[in-house]
Number of protein chains: 2
Amino acid sequence: MATIGEACGLIKGSIYHHFKSKEELALECLKYIHEYFNREIFSIAYTKQLSPKDKLILFTKKVEEYFMNSEGGCLLGNFALEISNNIPLFKNEIIEYFKNWEEAIYQILKPEIGEKQAKEKAMQIVSATQGSIMLMRIYGKPDPFKIQNKAIIDFLP
Amino acid sequence: MATIGEACGLIKGSIYHHFKSKEELALECLKYIHEYFNREIFSIAYTKQLSPKDKLILFTKKVEEYFMNSEGGCLLGNFALEISNNIPLFKNEIIEYFKNWEEAIYQILKPEIGEKQAKEKAMQIVSATQGSIMLMRIYGKPDPFKIQNKAIIDFLP
DNA sequence: CCATTTACCAAACGGGAGTTTGGCATAGTA
DNA sequence: TACTATGCCAAACTCCCGTTTGGTAAATGG
């Protein structure tokens, strides 16, 4: 809380005039990011103007931009591995986030490769993206993430 | 420390007769797991008796067995996303673990698809495995992990 | 068999992190 | 102007967690 306060130009106690607990603040962060992804990235899958290939390219580009400019990797992924099991509200938010991600890719791929294939591939792409973000952080260089994104785009002819 | 003690039939203070700090204990855990993977799984890549395809099948099977029977996902992956940046010794151990993993798969794939391709593919397989373990935990069902493992095996003809 | 080490417990210690309290400005409102 | 609400700070509070201490009993070993 002290660190968060500092980033806001406040001391830790002052935060409690805006959020009633640290947990509530954290949940609002998860929601905020989830909504951002829904609005700016996942929505690409549901626009009618683009071809599946172009959707996939744009989608992947937006994801790459986002995580190349974020310091700590994927916040929802991090939360998933840490504390979500102990806090049902967190867990629910995280599950919905990843379901939305998968569903978006599924919608992009379905017209090209069919429902069953698209379902599996969507899951794999989300997995691979998350894993490559992890590796990017571990190694301290963007190669794993960028190579992975390239492979995603190349998946559609 | 209280929880760890309990699991050992001790109280938390007693642990300090075996490890000088929590950090040392954690590092020993990382080393222990790293060594286990080196000995039982990564070594498969360097045995001479099997074909690349059979190596990949066995390797993937061992990885699957391990993580299907582990409760908290991949410990080194979790550490990677949490605290490694603050503790250089942890970070180093984690980097080596993932490098060894990648290198093992690289060695398996190289004879079949060449050095450059094998390098990229190895990185992707490690990424995808870690990500699918994460998704398995989030969703509370093994599907993402198992589907991913199947895809790894099917990669070699 | 005595001396020393080892393994352990019970209790206390110390610091840190989230939270609460009370007061002081400033802004808005009647 | 007076009243109220808001935003914030400084300080205290509380609980938890890693760690330390002192003492006891078993194990080791010369």
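All values below come from the heavy atoms of this structure, side chains included, with hydrogens, waters and symmetry mates left out. Remember, it's a predicted structure, so these values are computed and weren't measured experimentally. Letters go in sequence order (proteins before strands), and every chain restarts at 1.
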Are more than 12 heavy atoms from other residues, nucleotides or ligands located less than 6.0 Å from atom OH of B/Y32?
no

If you assign each of A/H17 and B/G13 to its closest nucleotide in DNA chain C, which residue comes earlier from the 5' end?
B/G13

Side-chain (B/K12) to main-chain (B/M1) donor-acceptor, under 3.5 angstrom:
no

Indicate whether OP1 or OP2 belonging to D/dC8 is found under 4.0 Å from a side-chain N or O atom of A/H18.
yes

Along DNA chain C, 5' to 3', what are the outermost nucleotides having an atom less than 4.0 Å from a heavy atom of chain A?
C/dG18 to C/dT20

Scan residues 20-30 of chain A against DNA chain D and write down, sorted by residue number, each residue with any heavy atom closer than 4.0 Å; if none is found, say none.
none

Centroid-centroid distance, B/F67 to B/F37, less than 6.0 Å:
yes

Can you list, by residue number, the residues of residues 2-12 of chain B that have a non-hydrogen atom closer than 4.0 angstrom to DNA chain D?
B/K12

Test: B/E65 and B/K61 ion pair at under 4.0 Å:
yes

Looking only at the side chains, is there a donor atom on one of A/E96 and A/H34 sitting less than 3.5 Å from an acceptor on the other?
no

Distance (rounded to the nearest 0.5 Å) between B/L135 CG and A/M123 CE
7.0 Å

What's the separation between atom CG in A/L76 and atom CD in A/Q130, rounded to the nearest 0.5 Å?
8.5 Å

What distance separates B/C29 SG from B/I4 CD1, expressed to the nearest 0.5 Å?
6.5 Å

